[in-house]
Amino acid sequence: MSKVVIIGAGGVGTVVAHKCAQNHEVFTDIVLASRTKSKCDAVAEEIRRKYPKANISTDRVDADSVEELCELLRRHQPKMVINVALPYQDLTIMEACLQCGVNYLDTANYEPKDEAHFEYSWQWAYRDRFEKAGLTAILGCGFDPGVSGVFTAYAAKHYFSDMEYLDIVDCNAGDHGKAFATNFNPEINIREITQNGRYYQDGKWVTTGPLEIHQPLTYPRIGPRESYLLYHEELESLVQNFPTIKRARFWMTFGQEYLTHLRVIQNIGMARIDEVDYNGTKIVPLQFLKAVLPNPQDLGENYHGETSIGCRISGKDKEGKPLTYYIFNNCSHEAAYKETGMQAVSYTTGVPAMTGAMMFLTGKWVKPGVHNVEEFDPDPFLKVLAEQGLPWEEIINQDLEL
């Protein structure tokens, strides 16, 4: 008997709830909670219709409040919290889990509201407290971060004696028919891609201008797409956990129309995250922009095409010979929507979150303390991931283009 509380009822939370319901033999009780209970109720109603054996209930919580979170956890007494709320709320949820003796999993690392800056130090600071409490906290269990780290661990376990060069590549070749829309929370998305880029090289971090470095990369069954170097949080943990890595980078594709809109948004000040005074009311321009942009949850119905996310790794194989290795998943927006009502970006984050929770609940990923996904055994995770809708493929000793 394993009860989980899912905090967050956006696109990813909806996918997590659907996938937990599909696996009701593991997730015997599911509680979906968010600030707006009516959103949770709508998701739960759909799940009860599709999966009548699933036991799902809903609740309301303000995830900014440790007190409210503790009331929620004491009321339901789950084995684990699956945190798919906003990254700003990671620390309050972790604190509540500690106070209430609940294990923890999230999909993105903490960042403060008033600064577009994210790193793991805030959450790694909880390591001793979780370990002493005998609780497991699994960080970054989406796709990137998440599966990208598990892919890297799998490569290290089965193929490499020394991984030297790591490039995580993320392509969304889908078309939702909107002039401009973000595939997940607009506030988080725009903050992420408008900050400086950063990559790891020979023991140091190298900073670049926003989207300054770019080149075309060829994605399986998609073709060439212009890909831009960004900083992404999994690089921070991967270079620590795999010290043979000499260079680690992260790349993401953007279309020209998207970049043109983004440039205008920045030029007119709508990407600002500081407060401005509007007729005597304090507003944050980026939060106002979020309110008028299309809701990522509503993009799925008309979304066509697919995503392709993977790791391109080079180094020495187990016998010391040169090796290139590309491990990736392609996910169809149409198939994701047909199954869960959400598009592939939400699907590729939600399925790994459910899979990570399943790994913990079935005893395969249990390690008191605070850990990134690559610190666990990759094999059972990747087996379940493929079974649950995200099959992965390998390409060995071909040109990685990087």
Side-chain angles (χ1 to χ4, degrees), residues 1-9 12-34 40 43-44 46-48 50-59 61 63 69-85 90 93-94 96-107 130-131 133-142 146-147 150 339-340 349-373 375-390:
M1 295 285 288
S2 295
K3 177 185 279 191
V4 293
V5 167
I6 303 165
I7 300 178
V12 177
T14 299
V15 173
V16 173
H18 274 77
K19 300 305 291 190
C20 287
Q22 289 177 17
N23 294 278
H24 55 82
E25 70 285 350
V26 175
F27 302 92
T28 52
D29 294 274
I30 306 162
V31 180
L32 181 60
S34 77
C40 302
V43 174
E46 174 68 8
I47 285 173
R48 292 187 191 105
K50 293 178 71 173
Y51 311 108
K53 291 184 179 180
N55 182 18
I56 184 167
S57 59
T58 64
D59 211 329
V61 70
L69 287 161
C70 283
E71 289 175 0
L72 175 79
L73 298 182
R74 290 179 182 128
R75 189 157 57 244
H76 294 287
Q77 299 185 338
K79 187 79 171 176
M80 171 170 266
V81 161
I82 302 175
N83 169 17
V84 284
D90 287 358
I93 298 174
M94 290 182 77
C97 284
L98 274 170
Q99 291 187 24
C100 299
V102 179
N103 300 282
Y104 172 89
L105 178 145
D106 67 28
T107 61
F130 268 83
E131 187 173 1
L135 298 172
T136 297
I138 300 171
L139 303 185
C141 197
V147 176
V150 181
E339 182 183 347
T340 65
T349 305
V351 175
M354 180 281 299
T355 303
M358 183 185 288
M359 291 298 99
F360 172 79
L361 295 174
T362 56
K364 297 178 179 67
W365 279 17
V366 178
K367 189 188 295 185
V370 175
H371 304 282
N372 295 85
V373 293
E375 298 175 59
F376 298 94
D377 184 0
D379 293 8
F381 180 97
L382 290 181
K383 178 178 184 295
V384 171
L385 187 77
E387 294 168 350
Q388 295 296 325
L390 293 176

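Bear in mind the structure is a predicted one, so any value in this text is a computation, not a measurement.
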I'd like to know if the side chain of [X] reaches the main chain of [Y], judged simply by a donor and an acceptor atom lying under 3.5 Å from each other, with no hydrogens or angles considered.
X: Thr58; Y: Leu32; result: no
X: Glu375; Y: Asn372; result: yes
X: Thr136; Y: Lys367; result: yes
X: Arg48; Y: Ile56; result: yes
X: Asp106; Y: Gly140; result: yes
X: Asn103; Y: Lys79; result: yes

Can you measure from [atom1] ([X]) to [atom2] ([Y]) and round to the nearest 0.5 angstrom?
X: Leu69; Y: Arg74; atom1: CG; atom2: CZ; value: 10.5 Å
X: Glu71; Y: Asp59; atom1: CD; atom2: CG; value: 10.0 Å
X: Tyr104; Y: Cys97; atom1: OH; atom2: SG; value: 7.5 Å
X: Ile47; Y: Asn55; atom1: CD1; atom2: CG; value: 11.5 Å
X: Asp90; Y: Asn83; atom1: CG; atom2: CG; value: 5.0 Å
X: Met358; Y: Glu25; atom1: CE; atom2: CD; value: 6.0 Å

Work out which heavy atom in [X] is nearest to a heavy atom in [Y]; give both atom names and the distance.
X: Ile30; Y: Ala21; result: CD1-N, 3.6 Å
X: Pro352; Y: Gly142; result: CB-O, 3.0 Å
X: Gly13; Y: Val84; result: CA-CG2, 3.6 Å
X: Thr28; Y: Lys3; result: OG1-N, 4.4 Å
X: Ile7; Y: Ala63; result: CG2-CB, 4.2 Å
X: Leu385; Y: Val351; result: CD1-CG1, 4.2 Å

Would Ile138 and Phe360 count as a side chain to side chain contact (heavy atoms under 4.5 Å, CB included) here? Give the steps. CA-CA 9 Å; Ile138 300 171; Phe360 172 79; 4.3 Å; yes
Considering residues, nucleotides and ligands other than Lys383, do more than 12 of their heavy atoms fall under 6.0 Å from its NZ? no
Passing candidate, side-chain contact (heavy atoms from CB on, under 4.5 Å) with Pro78, options Val4, Leu73, Val31: Leu73
Do the non-hydrogen side-chain atoms of [X] and [Y] ever get within less than 4.5 Å of each other?
X: Thr349; Y: Val15; value: no
X: Met94; Y: Phe130; value: yes
X: Thr340; Y: Thr14; value: no
X: His18; Y: Met354; value: no
X: Asp377; Y: Lys364; value: no
X: Tyr51; Y: His24; value: no
X: Thr362; Y: Pro380; value: no

Taking the six-membered ring for Trp, are Phe381 and Trp365 parallel (under 30°), tilted (30 to 60°) or perpendicular (over 60°)? parallel
Assess whether a salt bridge exists between Lys19 and Glu339, defined as any Lys/Arg side-chain N lying under 4.0 Å from an Asp/Glu carboxylate O. yes
